[in-house]
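A, B, ... follow the sequence lines: proteins, then strands. Residue 1 opens every chain.
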Number of protein chains: 2
Amino acid sequence: MSLRVRKNRVQAPSESCPLTECMSILGGAWTPNIIWFLSESPRRFSELRIDIPRISAKVLTVRLRELEAKGVVSRAVKPTSPPSVEYALTELGGELIPAIESIVKVGYKLKLQAVAS
Amino acid sequence: MSLRVRKNRVQAPSESCPLTECMSILGGAWTPNIIWFLSESPRRFSELRIDIPRISAKVLTVRLRELEAKGVVSRAVKPTSPPSVEYALTELGGELIPAIESIVKVGYKLKLQAVAS
DNA sequence: CTGTATCCTGTAGGATACTG
DNA sequence: CAGTATCCTACAGGATACAG
């Protein structure tokens, strides 16, 4: 089975650099994807699950909680009859976007590179 | 035991976005650190081990090989009596720097945030 | 709908010992 | 010095089932 594509792991070397500090956010599993989608527009839990099909509910929850704890993402429960929760990037979270954009940009080049070679 | 601080993992969702593509580079373990130090100046294997004390030789090798394969890092063997190998960022590798800088920048804010809260 | 709890697996990466 | 090989562990994350 396993449509698994690739796995990496980030181990924070120490509390030394902010790089590490931040990578503990971006490096975390699907986090970049979550932030990416959230940057387009706020989203509900199930919407994120659709956006990122392969992520499991558990992990999505965990990541979301982490991001929330770090003040990167906000969580708003709307007391509607079917409960809905809206996640959005906070201002701080927005600051991650340029970082991610840089990554996307390079990723794009990398892809071209891969094709070219 | 384990002075282990933190571990994350990146799982590429699919070949979809360049984000993922690139995160397979940055997301990989100590990779951001490696690139970071390499961006300051080219370095030898053992120098990197000193820069990043907690990384094991094995992983450093693996990461370096990967980065090399992706055209992000160049490897130059100097035929000196004690063999020395110099690693440096390629031009493509240099493109990762803004991404990493963004990450560092946000990481810094995150740190302040953490202290403040 | 939005999670949470449990179980299980794959694998990243450390440690250690050895090589050219 | 610059790795390589082997073994082993921790843990991220999937799957599934269940809950408010």
Proximity to the side chain of B:V59 - top-ranked nucleotide from D:dG14, C:dG14, C:dG3: C:dG14
B:R44 side chain N/O closer than 4.0 Å to the phosphate oxygens (OP1, OP2) of D:dA2? yes
Hey, is the side chain of B:S46 poking within less than 4.0 Å of OP1 or OP2 on D:dA2, counting only N and O atoms? yes
Across all chains, not counting sequence neighbours, the side-chain contact (heavy atoms from CB on, under 4.5 Å) partners of A:A57 are A:F45, A:R49
Residue pairs passing the salt bridge (Lys or Arg N to Asp or Glu O under 4.0 Å) test where at least one lies in residues 23-37 of chain B, sequence neighbours excluded: none
Let me know the distance between CD of B:E68 and P of D:dA2, rounded to the nearest Å. 14 Å
Please give, in whole Å, the distance from C:dT16 P to B:I55 CD1? 17 Å
Can you give me the N/O atom pairs linking the protein to nucleotides 4-7 of chain D at distances under 3.5 Å, or say none if there are none?
{"residue": "D:dT4", "atom": "OP1", "partner": "B:R65", "partner atom": "NH2", "Å": "3.4"}

Could you check which of D:dG14, C:dG14, C:dC1 has an atom nearest any side-chain atom of B:S56? C:dG14
Over how many whole Å does the gap from B:R63 atom CZ to C:dT11 atom P extend? 14 Å
To the nearest angstrom, how far is B:L64 atom CG from C:dA12 atom P? 17 Å
Value in whole Å for how far the P atom of C:dG3 lies from NZ of A:K78: 14 Å
Between P on C:dC1 and CG on A:L60, what's the gap in Å once rounded to a whole number? 14 Å
Taking distance alone, no hydrogens or angles, what donor-acceptor pairs closer than 3.5 Å link side-chain atoms of residues 85-94 of chain A to residues at least two apart or in another chain?
{"residue": "A:Y87", "atom": "OH", "partner": "A:R75", "partner atom": "NE", "Å": "3.2"}
{"residue": "A:T90", "atom": "OG1", "partner": "A:G71", "partner atom": "O", "Å": "2.6"}
{"residue": "A:T90", "atom": "OG1", "partner": "A:V72", "partner atom": "O", "Å": "3.1"}
{"residue": "A:T90", "atom": "OG1", "partner": "A:L92", "partner atom": "N", "Å": "3.3"}
{"residue": "A:T90", "atom": "OG1", "partner": "A:G93", "partner atom": "N", "Å": "3.0"}

Mind calculating the distance between CZ (B:R75) and C1' (D:dG3) to the nearest angstrom? 8 Å
What is the separation between atom CZ on A:R49 and atom P on C:dT2, rounded to the nearest whole Å? 10 Å
Can you tell if the side chain of B:L67 reaches within under 4.5 Å of the side chain of B:L38, non-hydrogen atoms only? no
Run the side chain to side chain donor-acceptor pair (under 3.5 Å) test against A:T80 and tell me which residues pass, sequence neighbours left out. none
Ion pair present between A:E47 and A:R44, side-chain N to carboxylate O less than 4.0 angstrom? no
Run the side-chain donor-acceptor check on residues 95-102 of chain A: report pairs under 3.5 Å with partners two or more places apart or on a different chain.
{"residue": "A:E95", "atom": "OE1", "partner": "B:K109", "partner atom": "NZ", "Å": "3.2"}
{"residue": "A:E95", "atom": "OE2", "partner": "B:K109", "partner atom": "NZ", "Å": "3.1"}
{"residue": "A:S102", "atom": "OG", "partner": "A:P98", "partner atom": "O", "Å": "2.9"}

D:dC1 phosphate, OP1 or OP2, under 4.0 Å from B:Y87 side-chain N/O: no
